[in-house]
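Report on one structure; see the data block that follows.
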There are 2 protein chains.
Amino acid sequence: MSDTAISEQDQTVRPGLRERKKRLLQEAIEQAALKLFLQRGYEQTSIQDIAEAVMISPRTFFRYFPSKEEVLLGPTRAVVRAGLERLRTLPLPEAQSESEAAYAALRAVMLYIAHLYQQQRRGFLLRYQIARQVPSVAAFYLYALLEAETAFCDLLQERTGEAYERSRLRLLVATHVAALRVALERWLDEGAEGDLQALVKSYLEALH
Amino acid sequence: MSDTAISEQDQTVRPGLRERKKRLLQEAIEQAALKLFLQRGYEQTSIQDIAEAVMISPRTFFRYFPSKEEVLLGPTRAVVRAGLERLRTLPLPEAQSESEAAYAALRAVMLYIAHLYQQQRRGFLLRYQIARQVPSVAAFYLYALLEAETAFCDLLQERTGEAYERSRLRLLVATHVAALRVALERWLDEGAEGDLQALVKSYLEALH
DNA sequence: CATTATAATGTCACTAACTGACAAAAGTCA
DNA sequence: TGACTTTTGTCAGTTAGTGACATTATAATG
């Protein structure tokens, strides 16, 4: 084994001091931001406030997060990305027809996302309280969902071929995402104490 | 007839110089903004540029429009508002059950909005080109749709009573709006030359 | 360990979207 | 014309976000 081979092997185990500090700082910024948002409100908290709380310059904040919205909704977008990844890697469920397969895959991914939300209910509940009150945050979130929609669409078309024509597929995805969104809204409105997956399931079934 | 009665009567006929100038200026700002957006791009156009084009101070711009997004998407939001107004004023269609009535009303409003879009296809086509490329504009638009969703919901619940439980109604509205949005997207992508109403109709039917 | 390369950070300067306060100008009406 | 109200411009300020560059910390190498 050569030295390079060893260091490459260790790469996953030892991310290096630099990497570790970066992750730590990112986490710290996120936590400090959330704390401040809850204490004084989102709009009453400036980037400078957050930067001071973790003792970095405002410039450095923007090297970790592109915007104030992102520092709040990063985890939310991560969940959506995870759903996308799931759709990319998971095998298509066995189904009668190709279109059935697309439908089943989409459903599975929505439930998977619901599952992820449920695992971090506390954090998402806090974020939701803010998104409800601040238009720019809500708008940011909706845009993330739109991006996800087109990505889901591309991926599904890639994997199921011509089972659906593009525009029908778009509608299918849009309604599924809408169902997820509405279910999520209700779940969070009720304190995130119910069974989100069951809720999503029932909403998806109500689509027909 | 008293003097006040006369002036009140004339109010609709003679809006007064002040009012007329205001409307004119608002129109001028909107047109100048759209022109500049198309010429140099949305993000390359500053409020100051727009203000200079119509020879007002930037401060005055903000007395007419709360944001850059609004000056572009004002008409779009107006169409949605018109749909809301329609739902508020139009009698509920005759239907077997109350839930059927809610469904029919929602469908009628979506088609009405489609009709309004079609009447100004040129303007909306231009706006859409921009919204596609600029995240902040797209996000703003989606937020407007979200607001509309809750408003539709409130109104429908008011008018159809307990035909649907709140959350089911929310889902119904969300899917209808999603269908409208996707249909609109496709129509605009194809140059706004097709029959949007027919498209919306087919998408709404595909919901089942 | 010393040195060199590389990546992260801070500082500075800048643009641009807004907002409040107040005075000047224009429209309204008697 | 003159008093009253609305609109506008000016000014000063806050905040988000970005590019450039010097400084510092980490990493890699002899």
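Just so you know, these numbers use all the heavy atoms, side chains as well, and skip hydrogens, waters and symmetry mates. Naming convention: chains lettered A, B, ... in sequence-line order (proteins, then strands); numbering from 1 in each chain. Since this is a predicted model, take the numbers as computed values, not measurements.
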Specify the residue among A/R63 and A/Q48 whose closest nucleotide of DNA chain D lies further upstream toward the 5′ end.
A/Q48
Would you work out how much the helix from C/dC1-D/dG30 to C/dA30-D/dT1 bends between its ends, with each end axis defined by five base pairs, to 10 degrees?
10°
Extract from the structure each pairing of a protein N or O with an N or O of nucleotides 28-30 of chain C at less than 3.5 Å, listing the distance.
{"unit_1": "C/dT28", "atom_1": "OP1", "unit_2": "B/L17", "atom_2": "N", "d": "2.9"}
{"unit_1": "C/dT28", "atom_1": "OP1", "unit_2": "B/R18", "atom_2": "N", "d": "3.0"}

Please determine if A/E158 and A/R88 form a salt bridge, counting it only when a charged side-chain N lies under 4.0 Å from a carboxylate O.
no
Could you tell me the boundaries of the chain B footprint on DNA chain D, defined by atoms under 4.0 Å from its heavy atoms?
D/dT5 to D/dT10
Taking the side chain of A/S57 as heavy atoms from C-beta outward, which of C/dG10, C/dA21, C/dA26 is closest to it?
C/dG10
Does a donor on one side chain and an acceptor on the other come within less than 3.5 Å for A/Q44 and A/D49?
no
Report the distance from atom CD of B/E69 to atom P of C/dA16, rounded to the nearest whole Å.
15 Å
Below 4.0 Å: OP1/OP2 of C/dA8 and any side-chain N or O of A/Y64
no
Have a look at A/T45 and say if it touches a base, only the backbone sugar-phosphate, or nothing, with a 4.0 Å heavy-atom cut-off.
sugar-phosphate
Taking NZ from A/K68 and P from C/dA17, how many angstroms apart are they, rounded to a whole number?
18 Å
Has A/K22 got a side-chain N or O lying under 4.0 Å from the OP1 or OP2 atom of C/dA8?
yes
Between B/E149 and B/R170, does any NZ, NE, NH1 or NH2 come within less than 4.0 Å of an OD or OE carboxylate oxygen?
yes
Does either side chain, that of A/T76 or that of A/Y117, offer a donor lying less than 3.5 Å from an acceptor on the other one?
no
Ion pair B/R132/B/D189, N-O distance below 4.0 Å:
yes
Figure out the CD1/P separation between B/I50 and C/dC18, and round it to whole Å.
10 Å
Does some side-chain heavy atom of A/H176 sit less than 4.5 Å from a side-chain heavy atom of A/V109?
no
Taking A/R186 first and then A/E190, would you say they form a salt bridge - that is, a charged N and a carboxylate O separated by under 4.0 Å?
yes
Any donor-acceptor pair under 3.5 Å linking the side-chain atoms of B/T45 with those of B/R40?
no
Using the six-membered ring wherever Trp is involved, compare the ring planes of B/Y42 and B/F37 and label them parallel, tilted or perpendicular (cut-offs 30° and 60°).
tilted
Side-chain contact test, heavy atoms from C-beta onward, threshold under 4.5 Å: evaluate it for B/R63 versus B/T60 and give yes or no.
yes
Tell me the interatomic distance from B/R59, atom CZ, to C/dA16, atom P, rounded to whole angstroms.
19 Å
Spacing between B/D49 atom CG and C/dT15 atom C1', to the nearest angstrom:
12 Å
So that I can tick it off, tell me whether B/E193 and B/R122 are bridged by a salt bridge, with the cut-off set at under 4.0 angstrom between side-chain N and carboxylate O.
no
Would you say A/F140 and A/R77 make side-chain contact, with heavy atoms under 4.5 Å?
yes
Rounded to whole Å, please give me the gap between CZ in A/F62 and P in C/dC12.
18 Å
Assess whether one donor atom and one acceptor atom, taken from the side chain of B/R20 and the base of C/dG27, lie less than 3.5 Å apart.
no
Please report the distance, rounded to the nearest Å, between CD in B/E43 and C1' in C/dT15.
13 Å
When you measure from the side-chain N and O atoms of A/T60 to the phosphate of C/dT9, is any distance below 4.0 Å, counting only OP1 and OP2?
no
What's the CE-C1' distance between A/M55 and C/dA8, to the nearest Å?
17 Å
By nearest nucleotide on DNA chain C, pick out whichever of A/L25 and B/P66 is the more 5' one.
A/L25
